[in-house]
Undergrad: 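Below is a structure I'd like to ask you about.
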Amino acid sequence: MAAVRSSGSARGRRGPGETPQTLARAFYARPTLTVARDLIGKVLVHRSPAGVTSGRIVEVEAYIGEDDPACHAAPGPTRRNEPLYGEPGHVYVYFNYGMHDMFNVVTERRGKPAAILVRALEPLDGLEVMEQRRLAAGGRQPAAPRRAIPPGHLCRGPGNLARAMGITLADNRLDLCGPELFIEDRGLDVGQVAWSPRIGIRVGADRPWRCYVVGSRAVSGPTASPASVRSSSAALP
DNA sequence: CGTTCGATGCACT
DNA sequence: GTGCATCGAACGT
């Protein structure tokens, strides 16, 4: 079997213990696949009245332009997809399947509609708050939660992530360069990264625009075996 | 392990 | 009226 490289340390930027740095607008105003890869290992933070919750990003999907049939911009500008055409570094949240809020990060430049769906986090801060939100009655929930939720599964899948992080439609259009909801670099290890087709879509499923950390138990959907992944920082698809 | 299926609300045609 | 960038329970193998 192929040798497994040691997990990539985050390419010589900062070490653990240094001051976390909030990602600036320029981080998001780049090609979407580049932003997607670079979001892996970063930390999503939500400061809410209920408490601070955060988690390490381990799975994302890119949705790029009107030519991408799975992107919400595919029909051209509408009222719902307006944030996709706006300033990068803002939040795009939409409500899906009657019960799930989907958290996206707007990328590229103003006028070019693209975003990244954040699908999974490894929880870091506020695990109790996350669990309360996941188990809270009311709202829309597919089924009454039966068992206790393992800590590592609190933010597995985009619907669960938004719920645990307390992100709702009310956060649509929010600026990620603000103090409430943002992404920061804590110098955490990126790990082995792989690309695959996007999950759960019925069109555009051929594009390998899902990026995830190999071996993370917080990742939703199919994952490559660690032994089959050669590079710790896979080239863009 | 695997597949199927219902819940549920909104944007869009 | 149709179709979802989902989730988890229930069942089959």
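In what follows, chains carry the letters A, B, and so on, assigned in the order in which the sequence lines appear, proteins first and then strands, with residues in each chain numbered from 1.
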Undergrad: Rounded to the nearest Å, what distance is computed from the CG atom of residue L161(A) to the P atom of nucleotide dA5(C)?
TA: 17 Å
Undergrad: To the nearest angstrom, how far is I199(A) atom CD1 from dC7(C) atom P?
TA: 9 Å
Undergrad: Rounded off to whole Å, could you give me the CD1-to-C1' distance for the I149(A) and dG8(C) pair?
TA: 11 Å
Undergrad: Regarding N104(A), tell me which of base, sugar-phosphate or nothing describes its non-hydrogen contacts under 4.0 Å with the strands shown.
TA: base
Undergrad: With no hydrogens and no angle check, is any side-chain donor or acceptor of S54(A) less than 3.5 Å from a backbone partner on D125(A)?
TA: yes
Undergrad: Does any part of the side chain of L44(A), heavy atoms only, come nearer than 4.5 Å to the side chain of C155(A), both counted from C-beta?
TA: no
Undergrad: Can you find an N or O donor on one side and an acceptor on the other, under 3.5 Å apart, linking the side chain of Y94(A) with the base of dA5(C)?
TA: yes
Undergrad: Looking at W195(A), is its backbone amide N or carbonyl O close enough to the side chain of R37(A) to form a donor-acceptor pair, meaning the two atoms are under 3.5 Å apart?
TA: no
Undergrad: Using atom CG of N96(A) as one end and atom P of dC12(B) as the other, report the distance to the nearest whole Å.
TA: 13 Å
Undergrad: Could you tell me how far apart R134(A) (CZ) and dT6(C) (P) are, to the nearest whole angstrom?
TA: 15 Å
Undergrad: Counting distance only, does the side-chain N/O of E59(A) pair as donor-acceptor with the main-chain N or O of S220(A) below 3.5 Å?
TA: yes
Undergrad: Side chain of R186(A), backbone of R56(A): donor and acceptor closer than 3.5 Å?
TA: no
Undergrad: OP1 or OP2 of dA5(C) sitting under 4.0 Å from any side-chain N/O of H100(A)?
TA: no
Undergrad: Which ring pair (Phe, Tyr, Trp, His ring centres under 6.0 Å) pairs, counting each pair once, include a residue from residues 20-77 of chain A, with sequence neighbours left out?
TA: H72(A)-Y92(A), H72(A)-Y94(A)
Undergrad: Give the dot-bracket string for DNA chain C, reading 5' to 3', where a pair is Watson-Crick or G-U wobble with both distances under 3.5 Å, ( ) marks pairs inside the strand, [ ] marks pairs crossing earlier ones, | marks a partner on another strand, and . marks unpaired.
TA: ||||.|||||||.
Undergrad: Does a side-chain heavy-atom distance below 4.5 Å link L124(A) with L188(A)?
TA: yes
Undergrad: Do the side-chain N or O atoms of R163(A) get closer than 4.0 angstrom to the phosphate oxygens (OP1, OP2) of dT6(C)?
TA: no
Undergrad: Using atom NE2 of H72(A) as one end and atom P of dA5(C) as the other, report the distance to the nearest whole Å.
TA: 5 Å
Undergrad: I'd like a table of atom pairs between the protein and nucleotides 1-3 of chain C - only N or O on both sides, under 3.5 Å - with the distance next to each one.
TA:
none

Undergrad: For M99(A) and dA7(B), give me the distance from atom CE to atom P, rounded to whole Å.
TA: 9 Å
Undergrad: Using side-chain hydrogen bond (donor to acceptor under 3.5 Å, both in side chains) as the criterion, point out the one residue from R110(A), E108(A), K112(A), E66(A) that pairs with Y85(A).
TA: E66(A)
Undergrad: Among residues 61-70 of chain A, which contact DNA chain C at a heavy-atom distance under 4.0 Å?
TA: Y63(A), A70(A)
Undergrad: Quick one, E61(A) and I201(A) - any side-chain contact, counting heavy atoms below 4.5 Å?
TA: no
Undergrad: Do any N or O atoms from the side chain of D206(A) and from the backbone of P197(A) form a donor-acceptor pair under 3.5 angstrom?
TA: no
Undergrad: Can you find a heavy atom in the side chain of R30(A) that is under 4.5 Å from one in the side chain of D38(A)?
TA: yes
Undergrad: Taking A62(A)'s backbone N and O only, do any of them form a donor-acceptor pair with R198(A)'s side chain (distance below 3.5 Å, no angle check)?
TA: yes
Undergrad: Counting only heavy atoms and a strict 4.0 angstrom limit, can you tell me which residues of residues 79-93 of chain A come near DNA chain B?
TA: R79(A), R80(A)
Undergrad: Picking from dT13(B), dG8(C), dG9(B), which would you name as closest to the side chain of F95(A)?
TA: dG9(B)
Undergrad: If you measure from the C1' atom in dG8(C) to the same atom in dC10(B), how many Å do you get, rounded?
TA: 22 Å
Undergrad: Salt bridge check: are R133(A) and D101(A) linked by an N-O gap of less than 4.0 Å?
TA: no
Undergrad: For residues 169-181 of chain A, tabulate all N or O donor-acceptor pairs below 3.5 Å that involve a side-chain atom, not counting sequence neighbours.
TA:
unit_1  : atom_1 : unit_2  : atom_2 : d
D171(A) : OD2    : T168(A) : N      : 3.0
N172(A) : OD1    : V93(A)  : N      : 3.0
D175(A) : OD1    : R25(A)  : NH1    : 2.9
D175(A) : OD1    : R25(A)  : NH2    : 3.4
D175(A) : OD1    : C177(A) : N      : 2.9
D175(A) : OD2    : R25(A)  : NH2    : 3.0

Undergrad: If I take atom CG in residue L169(A) and atom C1' in nucleotide dA11(B), what distance separates them, rounded to the nearest angstrom?
TA: 11 Å
